[in-house]
Amino acid sequence: MTLNDIFDLAMILSDNEDDADLYSPRALGILKVLRREIATLCGDRDFLPELTGLDSPFGLDDELAEGVAPYGLAANLLLEDNPGTASYFAQKYEEGLRYYLARRKAETEEIERPYGLIGYGSFARW
């Protein structure tokens, strides 16, 4: 999914399809910041392709690109023009991000025991 797809979804959500030319110059910068924020929260910061234009791929899960990022973009684009609607979109963005993070599977790893297993040995207090 490209940044332009996310921008189009944000314009449809905010009912500003006719005014897309007014908002498009700010979209790339906002999406760069949003993608970094989402990647940091999701732990997917290892490799993110550089965003050079709205035709660049988002680089994260399509569920985040379609279901979370358009709300964040719409919230930031409408912040000055329509604060009430921007607040609603910001709430939907945070809600979608929390929902996505809550459904992720936990990662497990072996617990390292630096001192061995002496807790229940002959020298234990109990």
Side-chain angles (χ1 to χ4, degrees):
M1 180 162 228
T2 67
L3 300 183
N4 197 43
D5 296 331
I6 296 170
F7 177 71
D8 289 343
L9 288 173
M11 291 295 96
I12 290 168
L13 285 170
S14 62
D15 199 25
N16 282 316
E17 297 144 300
D18 297 335
D19 299 329
D21 293 339
L22 298 173
Y23 294 108
S24 63
R26 295 176 40 216
L28 179 61
I30 293 170
L31 283 169
K32 283 182 178 183
V33 173
L34 281 177
R35 185 182 70 155
R36 177 62 59 193
E37 177 183 327
I38 292 169
T40 301
L41 290 172
C42 294
D44 297 332
R45 296 176 27 198
D46 295 337
F47 174 74
L48 291 175
E50 184 178 351
L51 301 178
T52 56
L54 289 179
D55 57 341
S56 300
F58 189 60
L60 294 176
D61 187 359
D62 280 346
E63 185 177 347
L64 290 168
E66 288 179 332
V68 177
Y71 288 106
L73 178 59
N76 283 286
L77 289 174
L78 297 175
L79 200 53
E80 289 185 22
D81 297 340
N82 194 340
T85 305
S87 176
Y88 168 76
F89 286 133
Q91 182 179 358
K92 293 293 286 181
Y93 166 74
E94 291 173 9
E95 183 180 298
L97 197 53
R98 278 194 312 267
Y99 180 73
Y100 178 83
L101 291 172
R103 292 180 328 156
R104 285 184 63 162
K105 294 186 180 204
E107 296 179 13
T108 61
E109 61 184 46
E110 187 66 31
I111 297 174
E112 185 179 323
R113 301 177 196 276
Y115 302 110
L117 297 172
I118 62 170
Y120 297 108
S122 59
F123 300 108
R125 286 186 72 166
W126 38 67

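For the single chain, residues carry numbers from 1 onward in sequence order.
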With hydrophobic residues grouped by side-chain heavy-atom distances under 4.5 Å, do [X] and [Y] end up in a single group?
X: Ile12; Y: Leu22; value: no
X: Leu31; Y: Val33; value: no
X: Tyr99; Y: Leu64; value: no

>> If you compare all heavy atoms of Ala65 against all heavy atoms of Met1, which two are closest, and at what distance to 0.1 Å?
In response: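 Answer, listing the atom of Ala65 first, then Met1: CB-SD, 3.5 Å.
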> Where do Gly59 and Leu48 come nearest, in terms of heavy atoms and distance?
Replying inline: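 Closest approach of Gly59 to Leu48: O-CD2, 4.1 Å.
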> Of all residues at least two apart in sequence or in a different chain, which pass the side-chain contact (heavy atoms from CB on, under 4.5 Å) check with Leu101?
Replying inline: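 Only Leu41, Cys42, Leu97, Arg104 meet the side-chain contact (heavy atoms from CB on, under 4.5 Å) criterion with Leu101.
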> Is there a donor-acceptor pair closer than 3.5 Å between any side-chain N or O of Ser87 and the backbone N or O of Gly84?
Replying inline: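 Here the side-chain-to-backbone pair does not exist.
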Indicate yes or no: at least one non-hydrogen side-chain atom of [X] is less than 4.5 angstrom from one of [Y].
X: Arg35; Y: Ile6; answer: no
X: Phe58; Y: Thr2; answer: no
X: Glu17; Y: Asp15; answer: yes
X: Asp61; Y: Tyr100; answer: yes

>> For Tyr23, give me all partners under side chain to side chain donor-acceptor pair (under 3.5 Å), at least two apart in sequence or on another chain.
In response: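 Counting only residues at least two positions away or on another chain, Tyr23 forms a side chain to side chain donor-acceptor pair (under 3.5 Å) with Asp81.
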> Just one of Asn4, Asp5, Asp8 clears the side-chain contact (heavy atoms from CB on, under 4.5 Å) bar with Leu54, so which one?
Replying inline: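 Result for side-chain contact (heavy atoms from CB on, under 4.5 Å) with Leu54: Asn4.
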Kindly list each side-chain donor-acceptor pair under 3.5 angstrom involving residues 70-80, sequence neighbours excluded, with atom names and distances?
residue : atom : partner : partner atom : Å
Asn76   : ND2  : Gly72   : O            : 2.8

> Just wondering, more than 12 heavy atoms not from Glu37 lying within 6.0 Å of its CD?
Replying inline: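 Buried by this count: over 12 neighbours within 6.0 Å.
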